[in-house]
Each structure stands twice: as C-alpha cells, then as structure tokens.
Participant: 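I'd like to ask some things about the structure below.
Since we're looking at a predicted model, the values are computed, not measured. Reminder, nothing fancy here: chain letters follow the sequence lines and each chain counts from 1.
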Protein chains: 2
Amino acid sequence: MTQEEKTARQDGGVRERLLAAALGLFNSKGYAAASVREIVEASGVTKPVLYYYFGNKEGLYLELMNGPLAEFESSLKRVTAFQGGVTERILHFCLTILELVRENVEVARLVYAIYYGPPQGAPHIDFNTLFDRMVESIGEMVREGAENGELRPDAGQDGAWAVISILNTAMEEQFCHTPPRIDGPQMERMLRLLMEGLAAKTA
Amino acid sequence: MTQEEKTARQDGGVRERLLAAALGLFNSKGYAAASVREIVEASGVTKPVLYYYFGNKEGLYLELMNGPLAEFESSLKRVTAFQGGVTERILHFCLTILELVRENVEVARLVYAIYYGPPQGAPHIDFNTLFDRMVESIGEMVREGAENGELRPDAGQDGAWAVISILNTAMEEQFCHTPPRIDGPQMERMLRLLMEGLAAKTA
DNA sequence: GTCTATATTGAGATAGAC
DNA sequence: GTCTATCTCAATATAGAC
C-alpha cells in the first residue's frame, strides 16, 4: 500500500464534509462571498485542515468541479451513440441531459452561476467548450433529420436553437425554482409540440 | 429652486461615472468581488465621494437597479395593451422584451446574474415577481388562443413554457455570448417554427 | 492530521481639513 | 463636494505545537 493510498483512506470524512460545505456555500453566497472561515465552521474543522487537503480555496473549488464535469462529459459521449429516428434521438438526448442535471443539481447550479454570471474571482474552467459541444450535437441531429426528410428541409439553425432553448430553460428551472416548474415529462411534451412544427408534413 | 434641485445639478458627472463604473465591475467580477476601491479608481474619484452620494455600496447598487427596473416594468404594461391576433401579440411581446434587453444589456446581465446565481451579499430585490408577471402574460395569451381556436385546444401550460423558453434563451444569449448567436429575426423564426406546431390545423 | 495563535493584506467605512 | 489619512474588521493564509 502506497503512502497515497493510506492517506486517501485516512482522510475520508473530512474531505467530503469540506467539499459538501463549500458547494453549499458557493451556491448560496457565491464563490467570492463564501469565506474559508464559514466553510471550515460548517464542516466542523479548522482552517489549517482545509489548507492541508486542498492547498487553498481555489484548489478546493477545482476539486469540487472536476469530478462531476468529467462524469458529465463521458455521459455526453455515451448519449450521442443512441440509435433510432432523429426525433427520438433528440428527445432521448435532452431527457438524459436533464436527468443528469437533476442528479447533480447543486453542481449544475454552480456551473451555471459561474458560466452565465461573473466569474467572481473563481479560477477559470472552460464550460464554453462543453456547452458548445452540446449545441453541436443537437445541431447535427437536426441537420441529419432535415436531410433525410424526417424534419422540414428548412429546419436548420433555427430548429436546433429552438430545441436548445427548451432544454436550456428546463435545466435552469431545476436549480432556480423550488419546486421546478418543468420536469422530464413536461419538457418532453414541450419538445413534441415543437417537433410537430418541425416535422415534415407527409400526411 | 430647492436645495435638492441645486444638488442634483451640481453632482452631474460624478454620480453617473460612479454608476457606470460600478455596473461594469459588478458585471465582470460580481457584486461581492468588486471592491469600493476599484469602483472609485475607475471613476477617477476617491472613496468618500462614493459614500457622499450613495451612503454605501448597497445604496449604489440599489440606485443602479431601480431606474432600469422601473422602466422595464412600465414597458411590460404598455406591451400587453397591444392589439391583434394571439400569434402576432405573442411575437410582438417577445420582440419588445428582447429589444428592451438589448438596449440595457449591462443591467440585464447583472439582473440575471443575481436572479439565477447566488445573491453574493447584494441587497435583495424581488426579480421573481417581475419574471412571474412575464410568464403570466404569455400564459394568458396562449390560453386565450387555445380558447378562441387560433391555437390548438391543448396548447396550455406546455405551449406557454415553450414560448418562454425561446424568449428566455434568446435573452441570455444577448449577455452571455459575444456576438450573440440569436437576434430578433432569428428569435422570430424560432417562435414561428414553434407556432406552426401550436397553431390549430384548419386547412 | 489537527489544533491554537498569529501574520498580513485588503475590505468597507469615516473623521476632519479644505 | 472632494480630498488625505486613518479606523476597524474580516479575509486568506501560515507557523509551529501536539
């Protein structure tokens, strides 16, 4: 057993408590306004413990984000491999993303706050590329649908952004309103409403 | 001429420069992270000047928000008085709101950051009621359209939220991406795509 | 690993001269 | 109205004992 492994086993609870407390405080007060003092008090430890585990406030923040973000990215890869008609693939994609967000509301809320709001002095993380990849995935599906006749031939950019709008707003509702006024089934109904406008009139 | 009027004339430039600098810094660093020192330096004055005009940082923030918010509210009232078919009224409503946002991007960005993100220690302003009123206005229009046969009879909650989603995401694009990937005409096309799904099939 | 105690910096805010 | 100089407090971070 290496020294690293020993350390990893020993520090168990404290690390997690610090991460959880920081996440809660970053969300309720913002990265800048949440002080180290508050974080350690909420975790029932003292300041040096935080510096021992994470080096500094930034290190704690990065540690907090990296796990869930990596998980999200790998989920993104898996979901694009889904087979079926374009409409069903779009629905499946959006529902999966929404479910991911619902499972990690706290982290998602923080990501959105940093992405959409001022960085607040938090170290930079490239959320932009991640969001763009999501946009691009939906764009490709819509384009494919327009080409193979499943969607209207003019369902290009505008159609893709309309889908993204619904997904985006549904996600935001998860962490900006309690209880959220949009859930999975409702988002699906909204998307189907949109699709009936997007779908090719073959009747 | 009262004392108030004299004062109002005299302090001209400084007040405005402080407000503008604060708005810029609140947006780029967040309310908590933007320091009074930075604000006054950017305005070319010293700290006591800020305290002279606004009492404190919170006073400055409130002064900054109140003007545009009142203007926005009165615009909301005016736009709901627009006459015409439901579809055109919805389009007019959304285009007007988007235009308002585009004319006050900086304030809108700050409002969204505070509304969606952590309050950062900024004094509370009730944006919720304002947003709800917007949601309610759209809800009423859709409901009316469903009743008078201009929209599908089942175009209720879901249809309204689909409209809101498009408007919401279009607004966000204005202050979260340069250049914005959505403008007025594109939002209109997205809404019309949605409408063709919502509209009653009378053909 | 975790503590007490403290160094150091920068924050918001004010006193008092002009 | 605007300044210089300063107060007070809380922030991040660390030294050093256990």
Side-chain angles (χ1 to χ4, degrees), chain A residues 1-26 28-64 118-124, chain B residues 1-26 28-64 118-124:
Chain A
M1 188 187 290
T2 69
Q3 187 56 43
E4 283 75 12
E5 285 167 340
K6 266 193 214 156
T7 308
R9 276 225 266 124
Q10 283 167 2
D11 50 22
V14 176
R15 259 187 78 99
E16 310 316 312
R17 256 151 50 211
L18 279 167
L19 287 169
L23 181 53
L25 282 161
F26 289 161
S28 60
K29 314 190 52 172
Y31 177 82
S35 73
V36 169
R37 184 181 54 78
E38 288 170 306
I39 297 171
V40 297
E41 273 178 11
S43 313
V45 296
T46 55
K47 283 197 262 185
V49 179
L50 185 151
Y51 288 96
Y52 173 79
Y53 282 104
F54 303 102
N56 53 30
K57 196 180 170 182
E58 296 202 351
L60 172 55
Y61 169 81
L62 290 172
E63 200 71 12
L64 194 57
Q120 310 177 66
H124 180 73
Chain B
M1 189 187 290
T2 69
Q3 187 55 44
E4 282 76 9
E5 284 167 341
K6 267 193 214 157
T7 309
R9 275 223 267 124
Q10 282 167 3
D11 49 25
V14 177
R15 259 187 77 99
E16 309 316 312
R17 255 151 52 211
L18 280 167
L19 288 168
L23 180 53
L25 283 161
F26 290 160
S28 61
K29 315 190 52 172
Y31 177 82
S35 73
V36 169
R37 185 181 54 78
E38 289 170 306
I39 296 171
V40 297
E41 272 178 12
S43 314
V45 295
T46 54
K47 282 199 265 186
V49 178
L50 186 151
Y51 288 96
Y52 173 79
Y53 283 104
F54 303 103
N56 53 31
K57 195 180 170 182
E58 297 201 351
L60 171 56
Y61 167 82
L62 290 172
E63 201 71 11
L64 193 57
Q120 310 175 57
H124 179 73

Participant: Restricting both atoms to N or O, compile the protein contacts to nucleotides 8-11 of chain C shorter than 3.5 Å, with distance only.
Facilitator:
from	atom 1	to	atom 2	distance (Å)
dA11(C)	OP1	Ser35(B)	OG	3.4
dA11(C)	OP1	Arg37(B)	NH2	3.4
dA11(C)	OP2	Arg37(B)	NE	2.9

Participant: Can you tell me how far P of dG1(D) sits from CZ of Phe54(B), to the nearest Å?
Facilitator: 13 Å

Participant: Over how many whole Å does the gap from Tyr61(B) atom OH to dG12(C) atom C1' extend?
Facilitator: 18 Å

Participant: Not counting sequence neighbours, which residues clear side chain to side chain contact (heavy atoms under 4.5 Å, CB included) with Glu63(A)? List them please.
Facilitator: Arg15(A), Leu19(A), Phe54(A)

Participant: In this structure, how many angstroms lie between the C1' atom of dC3(D) and the CG atom of Leu50(B), rounded?
Facilitator: 15 Å

Participant: Answer whether the closest heavy-atom distance between the side chains of Pro118(A) and Tyr31(A) falls below 4.5 Å.
Facilitator: no

Participant: Closer than 4.0 Å, any side-chain N/O of Thr46(B) to the OP1 or OP2 of dT2(D)?
Facilitator: no

Participant: About how many Å separate CG of Leu64(B) and CG of Leu23(B), when rounded to the nearest 0.5 Å?
Facilitator: 5.0 Å

Participant: If the condition is salt bridge (charged side-chain N to carboxylate O under 4.0 Å, His left out), which residues does Glu38(B) pass it with, not counting sequence neighbours?
Facilitator: Lys29(B)

Participant: Does Tyr51(A) put a side-chain nitrogen or oxygen below 4.0 Å from OP1 or OP2 of dA15(D)?
Facilitator: no

Participant: Can you tell me the distance, in whole Å, between the CD atom of Gln120(B) and the P atom of dG12(C)?
Facilitator: 13 Å

Participant: Can you tell if the side chain of Thr46(B) reaches within under 4.5 Å of the side chain of Val40(B), non-hydrogen atoms only?
Facilitator: no

Participant: From OH of Tyr53(B) over to P of dA13(C), roughly how many Å is that when rounded to an integer?
Facilitator: 18 Å

Participant: Separation of Arg15(B) atom CZ from dT2(D) atom C1', in whole Å?
Facilitator: 16 Å

Participant: Round to the nearest Å and state the distance from Tyr52(A) atom OH to dG1(C) atom C1'.
Facilitator: 6 Å

Participant: State, yes or no, whether a side-chain contact exists between Phe26(A) and Ile39(A) at a heavy-atom distance under 4.5 Å.
Facilitator: yes

